[in-house]
Every structure is written in structure tokens, then in C-alpha cells.
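See below for the structure under consideration.
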Amino acid sequence: ARFDWIDASRPVPLPEDGRLPHLPRLAELGVDGLVDVHTHWFPPNVMAKIWAYFHQHNWPTSYETDQARRLEWMRRNGVRRFTTLNYAHRPGMAAWLNDWTADFAAQTPEAIPFGTFFPEPGAGDYVRRAIEEYGFRGFKLHVRVGRMALTDPLLAPALEQLAAAGLPLIVHIGSAPEGSEFTAPRFLHGMLAAHPRLKVVVAHMGAWEFAEYLKLAEERDTVFLDTTMVFVGFNACDPFPLALLPRLEAISHKVLFGSDYPIIPYPYAHAVDGILDLRIGADARRRMLGGNAARLLGL
């Protein structure tokens, strides 16, 4: 398989079987509900194409079902709030994705509406609309899928809107699980130099350039990390260098839990257990599983 488990000697998580072993562990830690900053909600026709892509790449899926069932699984897993990440891969797509997201979020109390944009004329206008009319709480970019450089001048009007509103941008900039000419760290450095007030959440903790993005989060107040598909033993983004754990714990107030639900090849509980099992302090794990995201997003 193109993607597989790092340690073949240990049992891999089975597909979703309805067990929720993480819930009593969360209660023991004092976490009364998860805030997941990295979950994907697309229109059904787009979601079908995404499933098909992962089938072609030997990537198993645990939650390939209808939207109502996926929402039910989120709630059963103790997720109190979650983002609505999607992203565009061509011009003319982002605005209608934002319209769909606004409708979805209006019907889903737990949803934290996140939009997207694309390097195209008018991006600043539809981002302003998403903020002012829809009340979006952040935005997402995927530089490899969108084949975009974060320093593209066509992105600047939208980035200025986010910076002025104090809203975060979640950006998939690391080279995992597939790199491209657009995933080099220099593009994020360039964007931050041009927009120093912009809050940025580096998805997947910047896998596989973990050390580079950890250093950036240490140095800049406006840079955060999300744990999406890290600490799960699946080689799409793992392994995180254990030598970096002390530094990660030192900035644990800037680390947010993300799952990549529903595009994950294991039960949701496995992603939560990955954080609960980290050899860092209880306060750090509590912050990562909900408190940090609540503060960043103003929940």
C-alpha cells in the first residue's frame, strides 16, 4: 500500500466498531468535550470525488457514509465543536463552497464555520462577505491541492481581510502526505513577512518539516500548530520526532487538536488516544484537546 502503518508489529486500529474508549479517559483528565479544529465537510458531490481519490491511493476510510451519519459519529465521540474545513482546487470554486458551508453551519449547532479562497480576482470580496454576512470564524488553504504559492499577490486581499478581522488561517503547507513545489517553508515565511498580524495554524504540525514549523511557532505569537494525523502511527504524517516533545510541551498553549475526520483510516477514538498517550503533562494535554482552540476561536 502507498500508505501504511509505521510499526507493523503492533496491532493497527480496526475500522469503527462503535466502542468509545477515550470518553472515560477524557473525563478523568477533566475534558468535558473536544474541540476539533480540523474536520472536513464538503458538498456531497465533492465528497464523493474525495473518497474516490483516496480509494485510488490505497487509503482506507472509516467513515465513508452519509452526512447525517457522520455528524452522529462526531457527537457520539464527544466532540463539542468542530470546524468545517474545505478548500478549492480551481478558480470559481471557493465562493460557492463558502455558500454551502454557511448553509451547513446554520443547520449544525456544533459547527464552527470556516471558509476558503483561491488566488483569483475578487477573492477579497467574497472573503469579506463570508466574514461580515456569514460570520465565518476562520479559513483554510491547501497549497498542494490548490497548486498555489502563499506569496501569490492574488491572495493578498483575502489575507488582509483575515488579518484585520483577527481570524485564523489553517494552512496545509507541509510536505506530508505528498509534497509539491508549493510546500516549501519559505512560502509561509514570505506570507508572514507580508502579513505579520495574520494568525496561522500550521496543519499536521507541518509534517514532515516538524522542526521547522515548531521553531516558527516558538518564535512568532501568531503561529499555531494542529495535531492532525500526528501521533497515530499512520505514515501519512507520522512519525513525530520524540526528541522534540519537550519543546512541543513548552508551547502546548499553541497546539490544537485536529483529527482530519472523516478522511481517516481508523476510528476517531484512535486520534484522541494518540494525544492522551503523549508523555507530556496533563495540563498540556487538556489545553490541546479543547481549551486552546476555544480561546483562539473565541468560543
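Any value given below was found using the heavy atoms of this structure, including those in side chains, with hydrogens, waters and symmetry copies removed. In this chain, residues are counted from 1 in sequence order. Source: prediction; values computed, not measured.
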Point-to-point distance, once rounded to the nearest 0.5 Å, from CE of Met47 to CG of Asp66 | 12.0 Å
Are Val143 and Leu188 close enough, and set up right, to give a side-chain contact (heavy atoms from CB on, under 4.5 Å), and what steps lead you there?
-> CA-CA 10 Å; Val143 300; Leu188 182 56; over 6 Å; no
Exercise answer: donor-acceptor pairs, residues 267-274 side-chain atoms, under 3.5 Å, sequence neighbours excluded:
unit_1 : atom_1 : unit_2 : atom_2 : d
Tyr268 : OH     : Asp36  : OD2    : 2.6
His270 : NE2    : Val232 : O      : 2.7
Asp273 : OD1    : Arg25  : NH1    : 3.1

Partner of Asp283 under side-chain hydrogen bond (donor to acceptor under 3.5 Å, both in side chains), picked from Arg287, Arg285, Arg286, is Arg286
Is Ile275 reachable from Leu242 through a run of hydrophobic residues whose side-chain heavy atoms are each under 4.5 Å from the next?
-> yes
Distance, nearest 0.5 Å, that separates CZ of Phe240 from CG of Leu214 = 6.0 Å
When every non-hydrogen atom of Leu192 is compared with those of Arg220, the smallest separation belongs to O-NH2, 3.5 Å
Sub-4.5 Å side-chain heavy-atom contact between Trp73 and Tyr261 | yes
When you look at Val35 and Arg80, which way does the side-chain contact (heavy atoms from CB on, under 4.5 Å) test go after all the steps?
-> CA-CA 6 Å; Val35 181; Arg80 184 179 61 189; 3.6 Å; yes
Pairwise side-chain contact, Thr65 with Arg70, heavy-atom cut-off 4.5 Å (strictly under) | yes
The complete set of ring pair (Phe, Tyr, Trp, His ring centres under 6.0 Å) pairs with one or both residues in residues 144-173, sequence neighbours excluded, reads His142-His172, His172-His204
His189 vs Leu216 side-chain heavy atoms within contact, under 4.5 Å | yes
So if you build clusters from Ile, Leu, Val, Met, Phe, Trp, Tyr with side-chain heavy-atom gaps below 4.5 Å, do Val223 and Leu244 land together?
-> yes
Trp96, Tyr53, Tyr87, Phe104 screened by ring-ring contact (aromatic ring centres under 6.0 Å, His included) with Phe42, the one that passes | Tyr87
Looking at Ala217 and Lys254, what are the two nearest heavy atoms and their distance?
-> O-NZ, 2.7 Å
Tell me, do Phe210 and Arg247 make a side-chain contact under 4.5 Å, heavy atoms counted?
-> no
Nearest heavy-atom contact between Thr39 and Ser259 is CG2-OG, 3.8 Å
Which atoms form the tightest heavy-atom contact between Ile280 and Ala284, and what is the distance?
-> CD1-CB, 3.8 Å
Atom CZ of Arg90: over 12 foreign heavy atoms under 6.0 Å = yes
What's the spacing between Ile251 CD1 and Lys215 NZ if we round to 0.5 Å?
-> 12.5 Å
Close side-chain approach of Asp238 to Val230, heavy-atom, < 4.5 Å | yes
Find out whether Val200 and Thr222 are in side-chain contact, i.e. whether some heavy atom of one side chain is under 4.5 Å from a heavy atom of the other.
-> no
Mind checking whether Leu198 and Ile170 sit in one hydrophobic cluster, side chains of I, L, V, M, F, W, Y counted as touching below 4.5 Å?
-> no
So, for Pro185 and Glu209, which heavy atoms are closest and what is the spacing to 0.1 Å?
-> CG-CG, 4.3 Å
Is there a side-chain contact between Gln67 and Pro262 (heavy atoms, below 4.5 Å)?
-> no
In this structure, are over 12 heavy atoms from other groups packed under 6.0 Å from Asp221 atom CG?
-> no
Would you say the side chains of His55 and Glu64 form a donor-acceptor pair under 3.5 Å?
-> yes
For side-chain contact (heavy atoms from CB on, under 4.5 Å), just list the numbers for Val145 and Phe182, CA-CA rounded to whole Å, side-chain angles, deciding distance to a tenth of an Å, and then say yes or no.
-> CA-CA 10 Å; Val145 173; Phe182 302 105; over 6 Å; no
Using ring pair (Phe, Tyr, Trp, His ring centres under 6.0 Å) as the criterion, list what pairs up with Tyr134, not counting sequence neighbours.
-> Phe136
Heavy-atom distance under 4.5 Å between the side chains of Asn292 and Met288, does that happen here?
-> yes
Check: residues 147-169 side-chain donor-acceptor pairs under 3.5 Å, at least two apart:
unit_1 : atom_1 : unit_2 : atom_2 : d
Arg147 : NH2    : Glu181 : OE2    : 2.8
Asp152 : OD1    : Leu154 : N      : 2.9

Taking all non-hydrogen atoms of both residues, which atom of Ala88 and which atom of Ala94 are closest, and how far apart?
-> CB-N, 3.9 Å
Treat each ILVMFWY residue as a node, draw an edge where side-chain heavy atoms are under 4.5 Å apart, and state whether Trp41 and Leu297 are in one component.
-> no
Output for pair (His38 NE2, Thr83 OG1), nearest 0.5 Å, gives 7.5 Å
SB check Glu72 Arg76 (cutoff 4.0 Å) = no
Do any N or O atoms from the side chain of Glu16 and from the backbone of Tyr63 form a donor-acceptor pair under 3.5 angstrom?
-> no
Would you be so kind as to tabulate the donor-acceptor pairs closer than 3.5 Å made by side chains of residues 110-122, with sequence neighbours excluded?
unit_1 : atom_1 : unit_2 : atom_2 : d
Glu110 : OE1    : Arg75  : NH2    : 3.1
Glu110 : OE2    : Arg75  : NE     : 2.7
Thr116 : OG1    : Lys140 : O      : 2.7
Glu120 : OE1    : Gly92  : N      : 2.8
Glu120 : OE2    : Tyr126 : OH     : 2.6

Roughly how far, to the nearest 0.5 Å, is CG of Leu225 from CG of Leu256?
-> 8.0 Å
Please list, chain by chain and in numerical order, all residues satisfying ring pair (Phe, Tyr, Trp, His ring centres under 6.0 Å) with Trp59, sequence neighbours excluded.
-> Phe3, Phe54, Phe234
Output for pair (Thr84 OG1, His40 NE2), nearest 0.5 Å, gives 10.5 Å
If only atom types and distance count, is the side chain of Asp260 paired as donor or acceptor with the main-chain N or O of Thr228 below 3.5 Å?
-> no
Report yes or no: do Ile131 and Leu296 belong to one cluster of Ile/Leu/Val/Met/Phe/Trp/Tyr joined by side chain heavy-atom distances under 4.5 Å?
-> no
